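Accompanying notes for the structure given below.
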Protein chains: 2
Amino acid sequence: MGLTKSEMFTEEQNEISNIAKVFGHPARVAILQHLFKIDTCICGDLVNEIGLAQPTISQHLKELKKIGLIKGNITGTSVCYCIDKANWTAMKKTLHLFLDQDLQDNDICCS
Amino acid sequence: MGLTKSEMFTEEQNEISNIAKVFGHPARVAILQHLFKIDTCICGDLVNEIGLAQPTISQHLKELKKIGLIKGNITGTSVCYCIDKANWTAMKKTLHLFLDQDLQDNDICCS
DNA sequence: AACATTAATCGTAATATTGCAATATAATAA
DNA sequence: TTATTATATTGCAATATTACGATTAATGTT
């Protein structure tokens, strides 16, 4: 069916997968890396930077904005985007909790 | 179209998004958390643990195995799965590089 | 006002993902 | 050999995602 019943899973599991889903497209990774690199806000040059059409970039930006990782300010006819630092830090904390679980060494069958 | 041309992006961007895509489903997050929790290898009880049908779980395990995060050993009629520690560590390194980028404070428009 | 610029939204086609019933495969037990 | 048990694979339907042309909305410029 393709229907994921979110109530089947814990809030943490849904949160992690929702974050990961946003990182699950190279264009969005590229957008975020660019926002980090230029160290300041960015307007429409993402369309030139990444080789995708303007509506596509706009759609990816919407996804990133929806989950709160970026925010945008309107300045004239263009919109400046940047990383939402507080939310980025919070997101990192959630992911680290999952990624940095202890790796015990008591393999029984997978040695 | 839905076609992502991977050659449009850097190897790093594709690697990050491929890893993230695997975490982008709560069932796979749940499987990994369970593998961590029981601290040892696991066989078929995932189907009972998570509320999905056996073929569905098997499919998710295949995704996790494909990217190398888990490995499985056949023991009798059942298969034991566990985290591939080396690959998990390598994956973490890749993600940390991306997640832990410096957050400068020179916002111009997004203050 | 008329035009230009920039970004968002709509509509739609192509593709990918998810879930499961049915079936296949493999190992063991009787 | 014939069940039995456990997992994988196949096939398919439902849904989600991605990409982009066309259009719209908002602002700025002349």
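Per chain, numbering begins at 1; letters A, B, ... match sequence-line order. Here the structure is a predicted model, which is why all the values come from computation and not from measurement.
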Give the rounded distance in Å between these two atoms: [atom1] of [X] and [atom2] of [N].
{"X": "A:Ile50", "N": "D:dC20", "atom1": "CD1", "atom2": "P", "value": "12 Å"}
{"X": "A:Asn18", "N": "D:dT17", "atom1": "CG", "atom2": "C1'", "value": "14 Å"}
{"X": "B:Leu61", "N": "C:dC20", "atom1": "CG", "atom2": "P", "value": "14 Å"}
{"X": "B:Asp45", "N": "D:dA6", "atom1": "CG", "atom2": "P", "value": "11 Å"}
{"X": "B:His25", "N": "C:dG19", "atom1": "NE2", "atom2": "C1'", "value": "9 Å"}
{"X": "A:Gln59", "N": "D:dT24", "atom1": "CD", "atom2": "C1'", "value": "16 Å"}
{"X": "B:Met8", "N": "D:dA19", "atom1": "CE", "atom2": "P", "value": "8 Å"}
{"X": "A:Asn48", "N": "C:dA7", "atom1": "CG", "atom2": "P", "value": "10 Å"}

Proximity to the side chain of [X] - top-ranked nucleotide from [options]:
{"X": "B:Ser58", "options": "C:dT6, C:dG19, D:dT9", "value": "D:dT9"}
{"X": "A:Pro55", "options": "D:dT17, D:dA22, D:dA6", "value": "D:dA22"}
{"X": "A:Lys21", "options": "D:dA8, D:dT17, C:dA8", "value": "D:dT17"}
{"X": "A:Arg28", "options": "C:dT6, C:dT18, D:dT18", "value": "D:dT18"}
{"X": "A:Thr77", "options": "C:dG19, C:dT6, D:dT17", "value": "C:dT6"}

First encountered from the 5' end of DNA chain C, between B:His60 and A:Lys65: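 The residue whose closest nucleotide sits nearer the 5' end is A:Lys65.
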Side-chain donor or acceptor of B:Gln54 under 3.5 Å from a matching atom on the base of D:dA6?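 No pair found.
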Just how far is it from atom OH of B:Tyr81 to atom CG of B:Leu35, taken to the nearest 0.5 Å? 10.0 Å
To the nearest 0.5 Å, tell me how far A:His34 NE2 sits from A:Lys37 NZ. 6.0 Å
Distance check: side-chain N/O of B:Tyr81 vs OP1/OP2 of D:dA6, anything under 4.0 Å?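 False: B:Tyr81 side-chain N/O out of range (4.0 Å or more) of D:dA6 OP1/OP2.
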Closest-nucleotide mapping onto DNA chain D: is A:Ile74 or A:Gly24 further toward the 5' terminus? I mean the 5' end.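 Its nearest nucleotide lies further toward 5', so the answer is A:Gly24.
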Tell me whether A:Trp88 contacts the main-chain N or O of B:Leu99 through its side chain, where contact means a donor paired with an acceptor under 3.5 Å.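 Yes.
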For residues 90-100 of chain A, pull every pair meeting salt bridge (charged side-chain N to carboxylate O under 4.0 Å, His left out), keeping only residues two or more places apart or in separate chains.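 Every salt bridge (charged side-chain N to carboxylate O under 4.0 Å, His left out) pair that includes a residue of residues 90-100 of chain A, provided the two are not neighbours, is A:Lys92-B:Asp100, A:Asp100-B:Lys92.
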Can the ring centroids of B:Phe23 and A:Phe98 be said to lie less than 6.0 angstrom from one another?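 Yes, the ring centres sit under 6.0 Å apart.
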